[in-house]
Amino acid sequence: YEQLVFCHDKATGLRAIIAIHDTTLGPALGGCRMWPYGTEDEAVTDVLRLARGMTYKAAASGLNLGGGKSVIFGDPDRDKTEALFRSFGRYVETLGGRYVAAEDVGTSTEDISHIQVETPHVVGVDVTRGGSGDPSPLTALGVVQGMRACAEEVFGSASLRDRTVAIQGLGHVGYHLCRLLHADGANLVVTDLHPDVVHRATREFGAKPVEPGELLSIPCDVLAPCALGAVVNDEMLPQFRCSIIAGSANNVLAEPRHGEALAERGILYAPDYVINAGGLINVADELEGYNSERARKRVMRIYDSVKRIIDIAKRDEVPTHIAADTLALERIAAISSME
């Protein structure tokens, strides 16, 4: 890691940590998370893990950005104040653009707007302030593009028409994913913990509803985890009846070895941090003055990124999750050698 910054402001009660993992490709962009961490060590572990993940995500997505992350100690339901976020913004400003903050778990566009008062090094601001707004539609578009790349490899055609796609989780991204896949002529099987959103998907897209506990083992062409992570684990591995796993959830593999187990079973896995990068690509466009059409075109390239990962996996005879890391590291190494 290049830098770890501990931020403390007694007047506002701010306690925060900013981690900059790697800026070889550009400034470190990553969300600002607010969470009631039990200990400082717990927060450090989290921010380091997340910052490193952003480096790989940006590099594999072809962005000229590095990886970083920040965490603010506190309960997002009780401890938020404008003064706290403005204080944090002043710390971001001291880094001179090496770190660019964005929305994350426990923070909102309103919080980001408070940070923006103190520093221009922030993205994900509200549309009314020239920002990119809700990233969910473009995140979903990126997932579809990744699915198409996988479908071409497995079925010989990138078309998703008449393919059965099982979607776990109908939140912002999952619901937009349903809309795009329905327009493509896919057959949808869906589940969510909220029955009302399942009924809506059934009504609007002709989706087949199943109970949450059933979806992961349903026979389908593509399994799309769009809720919790770690769905590929020892318990579920023998139960999968899909050809492809490609969804918007983070950390789909409970452990790296589960990626190897999927490959052994002949299931093609689209690495999560590549296929769900549409949101990052969208907010990153703000750094150039947001242009929705340009952002959309860049998200469409996730298809190419996944194709390259599949090629690397075959070249190196490794599972796709390792190939994704290789793609990211090769890109960083290529730029490092130019300096």
What one should report as the nearest heavy-atom pair of Ile309 and Pro271 is CG2-CG, 4.2 Å
* Glu211, CD: over 12 other non-hydrogen atoms inside 6.0 angstrom -> no
pair Glu2-Arg98: side-chain heavy atoms closer than 4.5 Å
yes
task: Take Val123 and Ser132, measure what side-chain contact (heavy atoms from CB on, under 4.5 Å) needs, and give me the verdict at the end.
output: CA-CA 8 Å; Val123 292; Ser132 57; over 6 Å; no
To the nearest 0.5 Å, atom OG1 of Thr12 lies from atom CD of Glu82 at 12.0 Å
In short, salt bridge (charged side-chain N to carboxylate O under 4.0 Å, His left out) pairs touching residues 136-161 with sequence neighbours left out are Arg148-Asp184, Glu152-Lys307, Glu153-Lys314
Rounded to the nearest 0.5 Å, the CD1 atom of Ile332 sits from the OG1 atom of Thr23 at a distance of 10.0 Å
Worksheet item: Do Arg49 and Asp46 meet the salt-bridge criterion of a basic N to acidic O distance under 4.0 Å?
Response: yes
Linking I/L/V/M/F/W/Y whenever any side-chain heavy atoms sit under 4.5 Å apart, do Leu25 and Leu280 land together? no
Flag for Thr55-Asp22: side-chain donor and acceptor within less than 3.5 Å = no
*asked:* I'd like to check Val283 versus Tyr290 (side-chain heavy atoms, cut-off strictly below 4.5 Å). Are they in contact?
replied: no
As a quick check of understanding, evaluate side-chain contact (heavy atoms from CB on, under 4.5 Å) for Leu63 and Leu29, giving each step before the final call. CA-CA 10 Å; Leu63 295 171; Leu29 190 152; over 6 Å; no
Per side-chain contact (heavy atoms from CB on, under 4.5 Å), Val165 is matched among Asn187, Leu223, Leu181 by Leu181
Exercise. Given Arg315 and Ile312, is the side-chain contact (heavy atoms from CB on, under 4.5 Å) satisfied, shown in steps?
Worked result: CA-CA 5 Å; Arg315 178 194 78 189; Ile312 291 170; 3.9 Å; yes
Hits for salt bridge (charged side-chain N to carboxylate O under 4.0 Å, His left out) against Glu118, two or more places apart or cross-chain, chain-then-number order -> Arg86, Arg90
One should read off an interatomic distance between Thr191 OG1 and Leu215 CG, to the nearest 0.5 angstrom, of 6.0 Å
Shortest non-hydrogen pair, Cys178 vs Leu170, comes out as SG-CD2, 3.5 Å
Taken in chain and number order and not counting sequence neighbours, the residues that satisfy salt bridge (charged side-chain N to carboxylate O under 4.0 Å, His left out) with Arg78 are Asp75
To the nearest 0.5 Å, atom NE2 of His321 lies from atom NE2 of His258 at 10.5 Å
Ala58 and Gly66 have their tightest heavy-atom pair at CB-O, 4.2 Å
With hydrophobic residues grouped by side-chain heavy-atom distances under 4.5 Å, do Leu177 and Ile218 end up in a single group?
-> no
Are the side chain of Glu286 and the backbone N or O of Gly131 linked by a donor-acceptor pair below 3.5 Å?
no
> Do His172 and Pro137 touch side chain to side chain, with heavy atoms closer than 4.5 Å?
Replying inline: no
*Going through the checks in order, is the salt bridge (charged side-chain N to carboxylate O under 4.0 Å, His left out) test met by Glu110 and Lys80?*
CA-CA 11 Å; Glu110 183 183 6; Lys80 287 185 180 183; over 6 Å; no
Side chains of residues 243-257: which donor-acceptor pairs under 3.5 Å do they make with residues two or more places apart or in other chains?
{"residue": "Asn250", "atom": "OD1", "partner": "Asn276", "partner atom": "ND2", "Å": "2.9"}
{"residue": "Glu255", "atom": "OE1", "partner": "Arg257", "partner atom": "NE", "Å": "2.9"}
{"residue": "Glu255", "atom": "OE2", "partner": "Arg257", "partner atom": "NH2", "Å": "3.4"}
{"residue": "Arg257", "atom": "NH1", "partner": "Asp234", "partner atom": "OD1", "Å": "3.0"}
{"residue": "Arg257", "atom": "NH2", "partner": "Asp234", "partner atom": "OD1", "Å": "3.3"}
{"residue": "Arg257", "atom": "NH2", "partner": "Asp234", "partner atom": "OD2", "Å": "2.9"}

Nearest heavy-atom approach of Gly68 to Ala28 is N-CB, 3.7 Å
Sequence neighbours excluded, the answer for salt bridge (charged side-chain N to carboxylate O under 4.0 Å, His left out) partners of Glu288 is Arg294, Arg298
For Leu65 and Ala284, the nearest pair of non-hydrogen atoms, with its separation, is CD1-CB, 3.5 Å
Contacts satisfying ring-ring contact (aromatic ring centres under 6.0 Å, His included) that involve residues 189-242 (not counting sequence neighbours) are Tyr175-Phe205, His182-Phe205
Does Val231 belong to the same Ile/Leu/Val/Met/Phe/Trp/Tyr cluster as Val189, with side-chain heavy atoms less than 4.5 Å apart forming each link?
yes
Does one side chain, of Thr39 or Asp41, offer a donor that lies under 3.5 Å from an acceptor on the other?
-> no
Value for NE2 (His121) from OG1 (Thr94), rounded to nearest 0.5 Å, stands at 9.5 Å
Salt bridge (charged side-chain N to carboxylate O under 4.0 Å, His left out) pairs touching residues 62-74, sequence neighbours excluded, are Lys69-Asp104
Here the pair of heavy atoms bringing Ile302 nearest to Gly142 is CG2-O, 3.4 Å
Task: Shared hydrophobic cluster, Leu141 / Ile275 (ILVMFWY, side-chain heavy atoms < 4.5 Å) - done: yes
*Should Ile310 and Val274 be regarded as members of a common hydrophobic cluster, given that ILVMFWY residues are connected when their side-chain heavy atoms come within less than 4.5 Å of each other, either directly or indirectly?*
yes
Residue pairs meeting salt bridge (charged side-chain N to carboxylate O under 4.0 Å, His left out), one or both in residues 260-275, sequence neighbours left out, come to none
### Message
Go through it in stages, so that I can follow the logic: the residues are Glu103 and Asp111, the test is side-chain contact (heavy atoms from CB on, under 4.5 Å), and I'd like the CA-CA distance, side-chain angles, deciding distance and then a yes or no.
### Response
CA-CA 8 Å; Glu103 187 182 340; Asp111 304 326; over 6 Å; no
CZ/Arg129: more than 12 non-hydrogen atoms of other groups inside 6.0 Å: no
| message | Is there a side-chain contact between Pro319 and Leu262 in this structure, where contact means two heavy atoms from C-beta onward sitting under 4.5 Å apart? | response | no
Contacts of Asp325 meeting salt bridge (charged side-chain N to carboxylate O under 4.0 Å, His left out) (sequence neighbours excluded), chain-then-number -> none
Grouping ILVMFWY residues whenever side-chain heavy atoms fall under 4.5 Å, the cluster of Ile17 otherwise contains Tyr1, Leu4, Phe6, Trp35, Tyr37, Val44, Val47, Leu48, Val71, Phe73, Val105
Members sharing Val173's hydrophobic cluster, built from side-chain contacts under 4.5 Å between Ile, Leu, Val, Met, Phe, Trp and Tyr, are none
Rounded to the nearest 0.5 Å, the CG atom of Asp221 sits from the CG atom of Leu160 at a distance of 9.0 Å
Residues joined to Ile72 in its hydrophobic cluster, side chain to side chain under 4.5 Å directly or through other members, sorted by chain and number, are Val5, Leu14, Ile18, Ile20, Met34, Leu84, Phe85, Phe88, Tyr91, Val92, Leu95, Tyr99, Ile112, Ile115, Val122, Val125
